[in-house]
Engineer: 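Next up is a structure, given as C-alpha cells.
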Amino acid sequence: MCAKASKIRVVKGMVDIMPETAKLWHEVEATAERIFGTYGYGEIRTPIVERLELFRRGVGENTSVVQKEMYSFVDQGDESLALRPEGTASVVRAHIDTGAYVSNPVARYYYSGPMFRRERPQKGRQRQFYQIGCELLGVDNPVADAEVIAMVTHFFEEVGVSGLTTEINSIGCSGCRPDFNAALIDHLNSCKSELCDDCLKRLDKNPMRILDCKYESCRKAVESAPSFPDYWCEECSDHFTKLCEALDLMEIKYTKNHKIVRGLDYYNRTAFEITTQNLGAQNAVAAGGRYDGLVKELGGPDIPGIGFALGVERLILLLQASGREGKSDDVIFFAAIGENARNAVLPIIQALRKDGIRVEWDYAAKSLKAQMRRADKLGAGSVVIVGDDEISKGMAVVRNMRSKEQSEVKLRDLPMHFV
Ligand SMILES: [Zn+2]
Ligand SMILES: [Zn+2]
C-alpha cells in the first residue's frame with residue numbers, strides 16, 4: 001500500500017477564483033472596459049515582475065509597502081526584482097520606456113490585474129489582490145481631475161453598486177506642503193502620547209499619513225490639527241475651486257474631507273476616495289489622486305499625471321452582499337437516454353456549440369429523472385430529451401424550463417431551432 005500524498009494548500013493570503021465567482025469578475029472587467037473606453041482610455045498590460053528599483057523610486061523608500069510588504073527577490077542573473085505592489089509605477093515606466101510620451105503627450109491608460117503585498121490577510125484584503133485603475137498623463141487642468149472622479153463614479157453606477165460616497169481633498173504641492181507639514185508636526189508633538197506606534201514612526205517621515213489613521217486616539221489627536229485649506233498656495237486653492245466647479249457641472253455628488261491623504265510619496269493636490277459603509281472597517285473601494293512629480297522621478301519628462309485604483313475583491317464582496325451573482329449564460333441541456341440517443345445527439349451538440357450556444361449534457365446517459373435534476377441545477381433554459389422512441393421517429397422533445405411547455409422538434413432541425 002502506498003501512503004496517501006499530502007495535500008498542497010494554496011499560499012496564505014492568496015485565493016482561487018472559481019468559475020461561479022469568475023462570472024462576476026468578467027462582468028466587472030467588461031464594464032470597466034466599456035465605461036473607461038467612453039472616456040478615451042485604452043488598456044495597458046505591463047509585466048507583473050519589475051525591477052525593485054522602480055518601486056523604491058516610484059512608490060517611495062519610506063512607505064510600508066516598500067519597506068515591509070513587497071515580494072522581492074534576486075533572480076539567477078543577479079537582478080533585484082519585485083512582484084508589483086501597485087499599478088501606477090509600472091504604467092508610468094512603460095509610458096517613458098516605450099517613448100509613448102513623444103507621440104501621445106496626453107495619454108489615457110487603464111489596467112486590470114493582480115498586485116502583490118505581504119500584508120496580514122483579512123476579509124477583502126489578500127496578498128495577491130486585483131486592482132483596476134486608470135492613469136491620465138500629460139494634463140494638469142483640474143477639469144481632468146474632475147473627469148477622472150466622474151468616470152469612477154460612473155463606473156460604480158454602471159456596475160451596480162449604490163450607497164457610495166465620494167470624498168475629495170487637496171494635499172497641496174511641493175511649494176505649500178512643507179509649511180503645512182511643519183505646522184502638523186508641531187501640533188502632533190503636543191499630543192504625541194496619543195499616537196499609535198505606526199503614527200509615531202510617521203511623525204518625521206510622512207506626518208500627513210497620521211491624518212487618516214484609523215486608531216481612535218490618533219483620530220482624536222488630529223481633530224484639531226491644522227487643515228490643508230489654510231496652507232494652500234494660490235495655485236492649489238484655485239485648482240481645488242475649479243475641480244469643485246467642474247464636478248458641479250457634471251452633477252457629481254461629493255463631500256470635501258480635508259483629512260484624506262494618499263499613502264504614497266508622489267501625490268500632490270487632488271486626493272479622493274470612494275467609500276462604502278457596507279464593508280465594516282475596510283471602507284474605501286477606490287482611491288486616487290494627482291501625482292505631478294512621478295514621471296520625472298522615474299526618469300521621464302516633467303509631465304503631470306492623475307489616476308486611481310479600485311480593489312476588485314472589495315467590489316465583488318459588495319456586489320455579492322447585494323445579492324448579485326454572475327449572469328448565467330442560457331444553457332441548453334441534452335438529456336440523452338441510452339447509447340443510441342447519445343450517438344445521435346453528439347453531432348447536433350457539436351453544431352450548436354459551433355454556433356456559440358452553451359450546451360451541457362450527461363455522458364453517462366443516466367435516468368431521465370437524474371438528468372432533469374442536473375439541468376435544473378445548471379439553470380438550463382431548455383432541455384432536449386432524446387430516447388429510443390424519439391430516435392425511431394427522428395424527433396426530440398424540447399422542454400422550456402421556464403414555461404414548462406414541451407414541443408417535438410425534428411432532430412435535424414434542432415440547430416436551427418436554437419439559433
Ligand atoms: Zn501649493
Ligand atoms: Zn495612528
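First listed ligand is number 1; within each ligand, the first listed atom is number 1. Here the structure is a predicted model, which is why all the values come from computation and not from measurement. We use all heavy atoms of the structure for the numbers below, so side chains are in, but hydrogens, waters and symmetry mates are not.
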Engineer: More than 12 non-hydrogen atoms from neighbouring residues, nucleotides or ligands closer than 6.0 Å to CZ on Arg118, yes or no?
Structural biologist: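 Atom CZ in Arg118 is not packed in, count stays at 12 or less.
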Engineer: Counting no waters, how many protein N/O/S atoms sit under 2.8 Å from the Zn ion (ligand 1)?
Structural biologist: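 Number of qualifying protein atoms: 4.
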Engineer: Could you go step by step and tell me if Phe129 and Phe116 meet the side-chain contact (heavy atoms from CB on, under 4.5 Å) rule?
Structural biologist: CA-CA 6 Å; Phe129 58 100; Phe116 303 82; 5.7 Å; no
Engineer: Tally every protein N/O/S atom whose distance to the Zn ion (ligand 2) is less than 2.8 Å; waters are neither shown nor counted.
Structural biologist: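 Total protein N/O/S atoms under 2.8 Å from the Zn ion (ligand 2): 4.
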Engineer: Taking only Lys NZ, Arg NE, NH1 and NH2, and the carboxylate oxygens of Asp or Glu, determine whether Glu194 and Lys192 approach each other closer than 4.0 Å.
Structural biologist: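 Answer for the salt bridge query: no.
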Engineer: For the residue pair Phe240 and His258, categorise the inter-ring angle as parallel (less than 30°), tilted (30 to 60°) or perpendicular (more than 60°).
Structural biologist: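 Answer is tilted, since the angle falls between 30° and 60°.
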Engineer: Under 3.5 Å, is there a donor on one side chain and an acceptor on the other for Asp292 and Asn268?
Structural biologist: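 Side chains of Asp292 and Asn268: pair found under 3.5 Å.
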Engineer: Could you name each residue pair satisfying side-chain hydrogen bond (donor to acceptor under 3.5 Å, both in side chains) that touches residues 225-237, not counting sequence neighbours?
Structural biologist: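 Passing the test, one end in residues 225-237: no pairs.
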Engineer: Taking atom OH of Tyr39 as the centre, does the number of heavy atoms from other residues, nucleotides or ligands within less than 6.0 Å exceed 12?
Structural biologist: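 Yes.
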Engineer: Do the charged groups of Glu86 and Arg117 touch, with an N to O distance under 4.0 Å?
Structural biologist: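 No, this pair does not count.
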Engineer: Name all residues meeting the ring pair (Phe, Tyr, Trp, His ring centres under 6.0 Å) criterion together with Phe272; count only those two or more places apart in sequence or in a different chain, and write none if there are none.
Structural biologist: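 None.
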